[in-house]
Amino acid sequence: MIRNDLRNIAIIAHVDHGKTTLVDAMLKQSGVFRANERVEERVMDSNALERERGITILAKNTAVMHNGTKINILDTPGHADFGGEVERVLTMVDGVLLLVDAYEGPMPQTKYVLRKALERNLKPIVVINKIDRPDQRVDEVIDEVLDLFIELDANDEQLEFPVVLTSARNGIAKLSMDEESDNLEPLFRVILENIPAPDVDVDAPLQMLVNTLDYDDYVGRIVVGRVVRGTIHNGENITLMDKAGQRKAKIGRLYTYQGLKRVEVDEVAAGDIVALIGLADANIGDTIADAENPEQLEGISIDEPTLSMTFSVNTSPFAGREGEFVTSRHLRDRLFKEVKTNVAMRLEETESPDSYIVKGRGELHISILIETMRREGYELQVGKPKVIMHRDENGQLLEPMEALTIDVPQDFMGAVMEGLGLRKAELQNMTEMAGYLRMEFLIPARGLIGFRNQFLTDTKGNGVMNHVFAGYAPYKGDIPGRTRGSLVAFEAGETTSYGISNAQERGTMFIVPGEQVYEGQIIGENSREDDMDVNPCKKKHVSNMRASGSDDAIRLIPPKTFSLEQALEHINDDELVEVTPKSIRMRKKILDRVERGRMRARNKQ
């Protein structure tokens, strides 16, 4: 049976090409909001971190009605680090809207998400967004998209993709630049004509795949997925199947999506996307099957993580001052809870009960978890990010590679090429675009750790970089790390202007007067490559003798401040980042300076 009253689509694109803004416009024009209702911008980015950073982190569902047809829309993240969310969502839909910026054209993540969609044989519609940009180059971008489809071995049917031109911010869509339009009607029309309606059997035994897990403080775990076959009913007895086996369970309540709301229903037929409660132990990739004739569906396969970090309990002298959850039990419970819903993340326990190895898709993927935890009141410390190596069947060491795309003004090309050369990057392609150079590199994932700061310095903030996982390659050899040592506080206390003014002659400071520090805390960057112990708490001894040199006014240079990601990139192997709800501090693993000296001497031998 073909359900013509239903369409399921995902919106996929590179970061910042306008996915969430387009969903906003579609919701507004389909009458989801009241005429007098105040609507937030980027209404789908509901999480505080998403609104702050202007990016989508979690894939989300919504639904709009258009001429009697329900269109389920799934908004996906654009960052490579959240690719697991995109892969999972594509199992629920029959077609995709591939959004491409009318100036930037296809970017690394565009290629990545399109490859995943074509592998699943989904019907693509290409949407060229931001056509109101003065520097738009629509015709060239359409040619670039076609080249991308050919490069990804799309079949003849997929190459016949329809193209819609939109300006999501203005809420207009058209099929050619000459047309006049003041709404998104052409886009809705193309979706209904080209995205296949679900071809399902609503009377067969039930089958449904668990795609997403949500959590609500009142009802507990919410399971979201698409009903593949049959019909699911409120209060129905079902069989829950996973790799380990099967067990009986009972559905609580059923909800479908209407606009941004979940609406309770009595039954949902195959083809539609449903949220249900009552299954407390369901996990992503499980099958919800008929109680009498259970048949298992194929699970969800997700690419492996490429980066790992060690999370441990905060052991600094300031532990427990700012956070609510500080023990190893709190940390363990929170990390295990995260892994249940975050499919691309893995967790390993270590020999120490206080440390855990968290593996993810990239620095942003793991730092979003750290940022979320600190906002929830957790205190923890994390080590330097490390890439995950593999050995092939011949015993050769392989490391993860990244496809890096860089847009820079031509003046800065030399500095960027030099920096990337040291990091073992190989130039693949170079094109010129309106005063900017677009360079494409293949670089070991290790080489990107700490590169963003250097890149922004080299290009004076004018450069744009994007990268996406590009498989494994033989180990490329050593990559130089940070070339400067740290300035380390050698006693606990409150910093003084006098102490800092003496220390700032040695390098760049990270602290201000009146701040509490502890022994072993990193308070600055040395201008040489060795670490140096300094005392920022030193007080000026007061005497009634005056001297022309020592009584000059103290002039302090403003300190360098670090965001969480910058701190993670900055630290060396013998350093940690201490994260609490109010502070981000860097510290040495061994706080005692005598013990550190012994350790250095041992390593030299």
Side-chain angles (χ1 to χ4, degrees), residues 309-310 312 315-318 381-387 415 418-419 421-424 446-458 477-493 495-513 515-538 554 556-563 565-578 583-605:
M309 284 189 211
T310 304
S312 47
T315 55
S316 88
F318 293 171
Q381 56 193 27
V382 284
K384 185 177 173 64
K386 293 186 172 69
V387 299
E418 186 183 346
L422 293 171
R423 293 167 181 267
K424 304 279 193 282
R446 289 177 300 140
L448 281 175
I449 296 173
F451 174 63
R452 188 178 294 271
N453 280 354
Q454 181 196 332
F455 172 71
L456 289 173
T457 308
D458 288 346
D478 286 340
I479 291 175
R482 203 175 80 203
T483 53
R484 293 180 175 185
S486 300
L487 296 177
V488 186
F490 73 60
E491 68 174 29
T495 58
T496 63
S497 303
Y498 181 71
I500 293 174
S501 77
N502 286 333
Q504 74 184 9
E505 294 166 15
R506 309 271 179 241
T508 311
M509 302 305 293
F510 303 158
I511 52 168
V512 292
E515 202 174 306
Q516 291 291 333
V517 295
Y518 53 81
E519 182 185 1
Q521 184 178 332
I522 296 168
I523 56 160
E525 184 178 61
N526 194 1
S527 51
R528 304 197 177 146
E529 60 182 63
D530 297 331
D531 292 343
M532 182 184 285
D533 293 307
V534 293
N535 185 5
C537 307
K538 191 176 181 183
I554 292 169
L556 295 183
I557 300 164
K560 184 176 180 182
T561 54
F562 283 85
S563 68
E565 282 92 352
Q566 287 168 334
L568 292 171
E569 287 188 341
H570 179 80
I571 56 172
N572 270 337
D573 292 331
D574 64 336
E575 297 167 354
L576 299 169
V577 177
E578 177 193 349
S583 320
I584 293 170
R585 303 184 192 95
M586 289 176 280
R587 51 161 284 189
K588 288 289 179 185
K589 274 185 184 170
I590 301 167
L591 295 176
D592 185 78
R593 70 186 178 119
V594 178
E595 186 60 39
R596 272 203 313 279
R598 287 194 195 121
M599 197 76 179
R600 269 200 300 273
R602 262 184 245 137
N603 290 343
K604 279 178 183 170
Q605 290 169 6

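Heavy atoms only: backbone and side chains are in, while hydrogens, waters and symmetry mates are out.
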Residue pair [X] / [Y], side-chain heavy-atom distance below 4.5 Å:
X	Y	result
E565	E569	no
L568	M309	yes
R484	N526	no
T495	I523	no
V512	P559	yes
Q504	L556	yes

Can you name the nearest heavy-atom pair linking [X] to [Y], along with the distance?
X	Y	value
A567	I584	CB-CG2, 4.1 Å
L576	K589	CG-CG, 3.6 Å
L591	K588	CD2-O, 3.5 Å
I449	P385	CD1-O, 3.7 Å
V382	I571	O-CD1, 4.2 Å

Test ring-ring contact (aromatic ring centres under 6.0 Å, His included) applied to F562 - qualifying residues, sequence neighbours left out:
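If we apply the ring-ring contact (aromatic ring centres under 6.0 Å, His included) test to F562, skipping adjacent residues, the hits are F510, H570.
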Judged by atom type as modelled, is there a donor-acceptor pair below 3.5 Å linking the side chain of [X] to the main-chain atoms of [Y]?
X	Y	result
S316	F318	yes
N572	D574	no
R593	E595	no
S486	D531	no
K424	D478	yes
E575	M586	no

Who passes side chain to side chain contact (heavy atoms under 4.5 Å, CB included) against S583, sequence neighbours left out?
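Here the qualifying residues are E322, T580, R585.
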May I ask you to check whether over 12 heavy atoms, not counting those of M532, lie within 6.0 Å of atom CE?
yes
Do other residues, nucleotides or ligands put more than 12 heavy atoms under 6.0 Å from the NZ atom of K386?
yes
Output yes when D533 and R596 qualify as a salt bridge under the 4.0 Å nitrogen-oxygen rule, no when they do not.
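So D533 pairs with R596 through a salt bridge.
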Gap separating the CG atom of L487 from the CE atom of M509, nearest 0.5 angstrom:
6.0 Å
